[in-house]
Amino acid sequence: MPDNTWTTERIELLKQHFAAGLSCREIANEIGVSRNAVIGKLSRLSLTREKKPMCRRENAKPGRSRSVPRLQYRILRKLFAEATPAEESDDTIRSEQHCSLFELSEERCRWPINHPGEEGFCFCGNPPLGGLPYCAGHSRLAYQPGSRQRAARG
DNA sequence: CCCTGATTCGC
DNA sequence: GCGAATCAGG
């Protein structure tokens, strides 16, 4: 399907879906392109939604709002994600001896796998380094300054 | 954290 | 012209 980009047919679909009130995500999913592609094309066609999906710079409240740090937090998150692509993750570390909370011992790595409360939640269980609660790989992970426990294994 | 639309900028 | 990256907000 992805032969040519923005054939007249696709532009037609774009306009129709846009007129139908579909979100850019849905339009993109329907046509088979990325969301940014849809938005970019719409902007190029001067078809931006000038309605009120949200107002830019509407925050006129003094004091009660602290929406500044989130922006930087988002950027930092992406920066770390890029700066640490091949970093050792708990997914990379082979933990063949997963154990539950009650099966933990001094001989088992206490690194959590998956999110607490989740169905697959357990612990690494690998043999730890001397004096440390984690195995070699997870001890290294624990010391990573920027990477908190990104235990999301997918 | 997720999402949205809008703009920028390298290709 | 295209769209990923980024920005700006909910």
Side-chain angles (χ1 to χ4, degrees), chain A residues 1-95 98-101 104 108-126 133-135 137-154:
Chain A
M1 288 302 287
D3 294 274
N4 297 331
T5 56
W6 294 124
T7 62
T8 53
E9 310 165 6
R10 293 196 187 198
I11 296 178
E12 278 298 320
L13 287 173
L14 174 68
K15 290 178 182 177
Q16 291 177 14
H17 290 139
F18 179 79
L22 293 177
S23 66
C24 291
R25 168 79 64 175
E26 292 168 318
I27 297 175
N29 181 63
E30 183 66 26
I31 298 180
V33 297
S34 67
R35 187 179 70 97
N36 282 334
V38 170
I39 295 176
K41 186 58 181 176
L42 284 174
S43 296
R44 235 168 283 119
L45 293 173
S46 303
L47 283 179
T48 62
R49 278 200 176 104
E50 295 186 10
K51 294 293 183 181
K52 299 171 186 173
M54 67 186 87
C55 303
R56 256 181 143 74
R57 299 267 188 182
E58 79 141 287
N59 194 347
K61 285 186 178 181
R64 280 284 184 178
S65 294
R66 286 187 296 268
S67 55
V68 180
R70 281 200 313 119
L71 185 273
Q72 286 149 350
Y73 189 85
R74 173 183 285 248
I75 296 175
L76 285 175
R77 191 188 358 129
K78 288 215 165 189
L79 284 178
F80 276 121
E82 288 185 359
T84 318
E87 203 63 66
E88 214 171 19
S89 69
D90 61 319
D91 187 44
T92 304
I93 302 172
R94 51 190 179 283
S95 306
H98 289 172
C99 62
S100 70
L101 173 63
L104 277 178
R108 288 179 179 273
C109 173
R110 290 173 149 73
W111 190 269
I113 306 296
N114 290 326
H115 296 159
E118 210 169 289
E119 187 172 349
F121 178 60
C122 57
F123 294 89
C124 169
N126 278 344
Y134 305 124
C135 67
H138 287 137
S139 293
R140 214 171 301 124
L141 251 189
Y143 266 96
Q144 292 293 326
S147 66
R148 305 145 300 146
Q149 312 96 318
R150 26 185 355 186
R153 202 171 53 158

| remark: Rounded to whole Å, the NZ-C1' distance (A:K41 to C:dA4) equals 17 Å
| task | When you get a sec, tell me which of C:dG3, B:dA6, B:dT4 is the closest nucleotide to the side chain of A:T48? | result | B:dA6
| query | Which nucleotide sits closest to the side chain of A:R44: B:dG5, B:dA6, C:dG1? | reply | C:dG1
| query | Looking only at N and O atoms, is any donor in the side chain of A:R25 or the base of B:dG5 less than 3.5 Å from an acceptor on the other one? | reply | no
| Touch class at under 4.0 angstrom, heavy-atom based, for A:S23 against every strand present | sugar-phosphate
| Are any of the side-chain heavy atoms of A:W6 and A:K41 separated by less than 4.5 Å? | yes
| message | As a test of understanding, state which of A:V33, A:L47, A:L42, A:L22 forms a side chain to side chain contact (heavy atoms under 4.5 Å, CB included) with A:L14. | response | A:L42
| Parallel, tilted or perpendicular, as decided by the 30° and 60° cut-offs, for the rings of A:W111 and A:Y134 | perpendicular
| remark: Taken to the nearest whole Å, CZ/A:F18 to P/B:dG5 is 9 Å
| task | Let me know the distance between CZ of A:R35 and P of C:dA5, rounded to the nearest Å. | result | 12 Å
| Does A:T5 have a side-chain nitrogen or oxygen under 4.0 Å from the phosphate oxygens OP1 or OP2 of C:dG1? | no
| field | Which atom of A:F121 lies closest to which atom of A:I113, heavy atoms considered | value | CD1-O, 3.2 Å
| Which nucleotide in the list B:dA6, C:dG3, C:dA4 gets nearest to the side chain of A:I39? | B:dA6
| request: Measure from CG on A:L45 to C1' on C:dG1 and round the result to the nearest Å. | output: 11 Å
| field | Between B:dT4 (P) and A:L42 (CG): distance, integer Å | value | 14 Å
| Between A:I31 (CD1) and C:dG3 (P), how many Å, whole number? | 10 Å
| query | Rounded to whole angstrom units, what separation is found between the CG atom of A:L14 and the C1' atom of B:dG5? | reply | 14 Å
| message | Could you tell me how far apart A:N36 (CG) and C:dC7 (P) are, to the nearest whole angstrom? | response | 13 Å
| query | What's the verdict on side chain to side chain contact (heavy atoms under 4.5 Å, CB included) for A:V38 and A:R35, showing C-alpha distance, side-chain angles and the deciding distance? | reply | CA-CA 5 Å; A:V38 170; A:R35 187 179 70 97; 5.7 Å; no
